[in-house]
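One structure below.
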Amino acid sequence: MLIIDCPWCGARPEIEFRYGGEAHIARPADPAAMSDQEWADFLYNRTNPKGLHAERWRHIHGCGRYFNAVRDTVSDFFVTTYKAGEPRPDIGESGK
Amino acid sequence: MTNRFRTHSGGRIDRGAPVSFRFDGKTYSGFKGDTLASALIANGVHLVGRSFKYHRPRGFISAGSDEPNALVNVARDAARMSPNLRATQVELYEGLKASSQNRWPSLGFDAGAANDFVSPFLPAGFYYKTFMWPAGAWKRFYEPKIRAMAGLGVAPTLPDPDRYTQNYAYCDVLVVGAGPAGLAAALAAAAGGAKVWLVDEQAELGGSLLAERTATIEGKPAQQWLADTLATLAAMDNVTLLPRTTAFAYFPHNMIALAERVTEHLAAPGADLPRERLWQLRAREVVLATGALERPLVFPDNDRPGVLLADSARTYLNRYGAKPGDRAVIFTACDAGYRTALDLAAGGVAVVAVADLRREVHGELPARALAAGIDVRPATVVTGTTGRLRVSGARLAKIKGGPSVDPVGASETIACDTVLMSGGFTPSVHLFSQSRGKLAWDAASGAYLPGTSVERERSAGACRGITGLQRVLEDGYGQGEAAAKASRDAASPARGATPPPGPSAKTFPAQADDLGTDGFIGATPHARNPAFTKAFVDWQNDVTAKDITLATREGFRSIEHVKRYTTTGMATDQGKTSNMNTLGIVAEALGESVPKIGLTTFRPPFTPTTFGLFAGAARGDQFDPVRKTAIHDWAAEHGAAFEDVSLWKRAWYFPKALPDGRREDLHAAVGRECKAVRSSVGMFDASTLGKIEVVGPDAAEFMNRMYTNAWAKLEPGRLRYGVMLREDGFVMDDGVVGRMAPDRFHVTTTTGGAPRVLAHMEDYLQTEWPDLDVWLTSTTEQWAVIAVQGPKAREVLAPLIEGIDLAKEAFPHMSVREGTILGVPTRLFSVSFTGELGFEVNVPAQYGRAVWEAIFAAGERFGITPYGTETMHVLRAEKGYIIVGQETDGTQVPDDVNLGWAVGKAKKDFVGKRSLARAAMSAPDRKQLVGLRTTDPKLVLEEGAQIVADPKAPVPVPMLGFVTSSYYSAVLGHSIALAVVKGGRARIGTRLSVPMPDRVIEVEIVEPVFYDPKGDRLNG
Ligand SMILES: [Zn+2]
C-alpha cells in the first residue's frame, strides 16, 4: 500500500485517498463559446502518458482536500504532491 | 510396521511424546515435532496422492512449502475441513485426521489412472484443443467430467466457525526467513537498537540449521548455536519472533502481508485464540533472507513415490529422524547429493549409487563419499525408474561424452526403494520480485539474483546467491547492520534502491560443507522413446518435458505463453520447483540462452492463503457497516420486512397478521398500503435521503452552477425539485431543495447518492470555483425525515405543529417552514412523492422515533398506515416520477426522462449545459421515458425486459428499449410499467412487444403518468 504525502496532512496510507483524474484541466470559462470538438476534448481526451503524470487526488478520509500529485505511471512512484491551484512543478516528462 | 523407518536417535522430534494420527482411515503413530509428511515417511508411507491430470501415484518431493505433490485434506470436523494442505507443512498433533485427494475409489486403485495410458491423447494445450466444440457441450458434458476426474480437494460445505483477526503493525527492520542469514541479520539489527520482527513460515525458527548434523558455528554445534541465538533474540525487548508466519505478499512502501497460523498445530485450540492472524506490517527496512529451493532433475519416471529431492531427504533424516528408504540411489548435478549420501550412510541407509551428471567429479564432498565406499558414477544419468506405487529400481546409463544432450549408453537397473535427486539450488527471489525489484541473470551461478531494488529492502544469504555457512552468516549480519542504520535516517515516505552495506567487523567462524553453485537446468538426457516416457517438470499440474518442447514446436516462444499453454508453473505451488527447469527446456528447444527466454512474473501469495485470513471479521453482520434510521427499531417492532438500499436497512413493507395466523405477503401488504395512502393517510420513513446543507454568501450562485434549475429567484421558504447533471450532460442525481434563507439551502439527494453528490460539489467548489464563498456540510445523519402522505395528511399533523400555519394558502405545495412539532424544532416540507397531499417532517434525528410515534398516534383515527419502500415505489410509478438509477443509467439527459422543464434555459451556464447543446443530445430517436400497459391487466412485466417492434425479426432483433420499473397497481386494478424506448414519445398509442423466454408479451405505449395526470390531488 502506497504512502501518499498530503500537502495539508503529511504522509498517510493510500486507502485514505481517492484518485481524481488528470490535473490542470480547467473548466472553460465560457463553455458556450466552444465548438463541439473543443468541448469533447475537454470532456474526454486525456494525455494518458507513460511516465510522469500530473493528477488530482483527494484526501477523502482525512482533510477532504483536493490536491495535485506528479506520479510516474511506469513505476507507480509519487514524485511530488502540491496544493490545488499551484502550477505543475517543472520536473520533466519522465522520471526514469 | 510402526515407525520402521525411524532412526534410533537424533532429530528434533520429541521421542517422549508419541502422537497418534490417521491417514486415509488408517491409524499411525509419530512424535511431537513431526510433520504429517515426516511421520508418514517414518512409517514407510510414500504414496499420498494421485496426480492432477494422469492420476499417477505420487509421493513426497520436498520437505517444505515448495511441495507440489503431497496435498492432503485435514479435517477436525465437518466445518473444519482444510483441503489442499501441503503434508510437509502440516504439524502433527494427537488425533489429526488427514486424507489423500484426487483419487477414486482409493489411493491404491484409481479408476482415473486410465488417463495415464491414453496420455498420448492428452498433450500440451489439451484443454484448449479438445473442449472447443460444440459450445453447449462444455457445460453439460466436459466441465462436469473434468471436475469429477481432475481437480484438487473438496471444500467444506458448512460455514467456517473459527475466528480470524487482522492487525496493523510497524517495525524498523523486518527480517523474512530465520535461517542463518536471517538470524544473523536480526542479531545485527537488534544490536543496533532497531525494532525488529523476524518471521519464518516454519514451526521452528532456524531454517537450514534445523537439519545440520555436523556443522559448527563459533565453535558450537550449529543446533546449539541456534538455540543460544534464539534465546538471545527472545530476551530482547525490541525483537518480535514469529514462527508459523508466512510473508506472502510484498506491497508498495514496504507494506508486507504476513499470515500467522496460530492454532493449526494444536490438538485442542483454545477458544480465545484466532485460527490465523493477518499482519499488515509496515517496515522501514526489509531484509529478505528467504534462502534457496532445491531444484529437481527432470528425468523419465521422476514422479514415482519414493523419488525425493536429496536435501529434503536429508532434512527428513536429520531433523525428523525419518529415513526415506532402505536403499537409496542418488542422482545429482551438484555436491548436495554427496552431502545427503554421507548423512544417509551415517544414518543407516544404504547408498547404492550416486549418479553424477557432471563429467568430472572432484572436491571434498565427493572425495569423502568415495572414501566412505559409496559407488560414485560420474557422467551418469537416471533414465527411468521401476515400480508401481513405490519406486523399486533406477535405470542408470552413462553419458557418452560431449554436452548434456549427447546420447546415453545402455542402462543398468539398480534395485532401490528411494531415488534422491538434486539439480542444485534456486535462490528464492519471490518476495524480491514482488517488490518490483529487477532480477539479474548471474551466469556464474546459473541463477536469477536480486538486482536493482525498488523498495527499501535488501537480500541476504542464499537468496542472493551466497553459499557457505560462514559467508551466509556474515552477509546476513552485514545486511542487518545496514538495515538498522538505514532505518534511522530513512525519510518517509521513501522508496528507492538501497545502498550496499559497508563491511561488517563481525565474523562468524563456521565449519560446514560448501555446496557451491553447481547445478543443472532443463531435462536430463535419455535414449528412451519419448512417446512412452514421462519426465515431469511440474508435478502438480502434470506437465512433462515433452509438453514443453511440443509447445515450442507449435510456435510458442514467449515463456509467458508457454506457461499458459502448458499450464506449467500455474498450480498452487506457483512453480517453485518447476520454473527454472521449464526455462532450461525452452531455452534448449529454441537454441537460446536462459536469460534470453525471460522469466515469468512472481505474484502473491507466496503460498496459498485462506479466505478466512482475507475476510477477517468482515463476515455475516460485520461484512459491511449497517446504517439504520432513528425509526428502524419501531419498524422492526411492527413487523416490517427490510431491504438493503446501499448500506441502509429500509422498511420494505409492513405485513399485517392475518386471521389464520399467517402474515400478509408482499403483494397483499403493498396493495393495502397503497390504497390507504390514496384514500386516507400513510406515513413513511424517508430519513435515508441524503442531505447537504449549502451555506454562504455565494450559496445561490453555487446552486445555480451545480443544478440545471434556476435558484436565484427561489424565495426563502420555497422548495424546488432540483436536477444535477454530470459535465457530460447526463442526469446524475435529483432531489428536493429548500431555500431556508438567502444564504442557506437544505439540499436532499437520492438515498445512497449523498457521498457522490457531496464529492461532486466539493470538486467544483475546491478546484474550479475556489473564489465562491460557500460551505458544504453533510447532514444526512442529523435529520430524521417522516413523510406523511394522503388526503388526511394535514389533519393528522395540524394539531401537533406550532408556529406554522398549515392552511393551504399560507403553506402551499412545495414550501418549507420552520416551527416545532411537539416542541421539537422542525423543518416542515410540503412535498409529495406520491401524488397526494403530503408533508415531510424533518426533525433532529434523536427525536425521530418520538415524533414518529406521536404522528402515528395522532393518525390513528384516520387509520394512518405505515408503508415501506415498495409502496413508495408503486405510488411514485403511478405518477410517473422517476428514480435516478432506476429510470436512468447514466446515459439520460433531462429531456429523455421528461425533466426538460427543470432545465433553466435562460441560465448562461451550469454543469452539463454545454453537453446538452450537442446535436446527439436532442436526437428524436433517443430513448425516452414512456408508460407501458399490458393487454392482460394482471400481467406484471419483468424489469429489465427488452422491448422490440417485431419479435420475429431475424436475429439480432433490433432492441428499442427496456422496462425500467414495473408493478401491479392495486389502486388502478392493473399492472403499470415505465420504460425507456427509442423515440418513445412519438410512439404513444402504438403497440410493441416484450419477448420473454416462454412467450411474447404485447404492450401499449402510453403516457407515463397513470394516476391523477392533472395533479389535482397534490394540493389537497
Ligand atoms: Zn489531508
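Values in this document were obtained by computation on a predicted structure and should not be read as measured data.
Distance check: B:R436 CZ to A:D76 CG gives 5.0 Å after rounding to the nearest 0.5 Å. Atom CD of residue A:E14 and atom CZ of residue B:F251 lie 10.5 Å apart, to the nearest 0.5 angstrom. Note that the CD atom of B:Q280 and the CE atom of A:M1 stand 5.5 Å from one another [nearest 0.5 Å].
The closest donor-acceptor contact from the side chain of B:R914 to the backbone of A:W39 lies at 3.5 Å or more, if one exists at all. Judged purely by atom type and a 3.5 angstrom limit, A:R27 has no side-chain atom pairing as donor or acceptor with the backbone of B:E768.
Put simply, the side chain of B:D909 reaches to within 4.5 Å of the side chain of A:P31, judged on heavy atoms. No side-chain heavy atom of A:P13 sits under 4.5 Å from any side-chain heavy atom of B:M255.
Enclosure of atom OH in B:Y168 is not indicated, since only 12 or fewer non-hydrogen atoms of other residues, nucleotides or ligands lie within 6.0 angstrom. Environment of CZ in B:F623: sparse, with no more than 12 heavy atoms of neighbouring residues, nucleotides or ligands closer than 6.0 Å. Residue A:R18 qualifies as open at atom CZ: its count of foreign heavy atoms under 6.0 Å is 12 or below.
In this structure, the portions of B:D763 lying under 4.5 Å from any heavy atom of chain A include both its backbone and its side chain. Both the backbone and the side chain of A:R65 have a heavy atom closer than 4.5 Å to some heavy atom of chain B. Only the backbone of B:F910 has a heavy atom closer than 4.5 Å to any heavy atom of chain A.
The minimum heavy-atom distance linking A:Y66 with B:Q766 is given by the pair N-OE1, 2.6 Å. When every heavy atom of B:R282 is checked against every heavy atom of A:L2, the shortest pair comes out as NH2-O, 4.1 Å.
A:F67 pairs by the ring pair (Phe, Tyr, Trp, His ring centres under 6.0 Å) definition with A:F17, not counting sequence neighbours.
Interface remark: of the candidates B:A917, B:A759, B:S915, B:S915 forms the most heavy-atom pairs closer than 4.5 Å to chain A.
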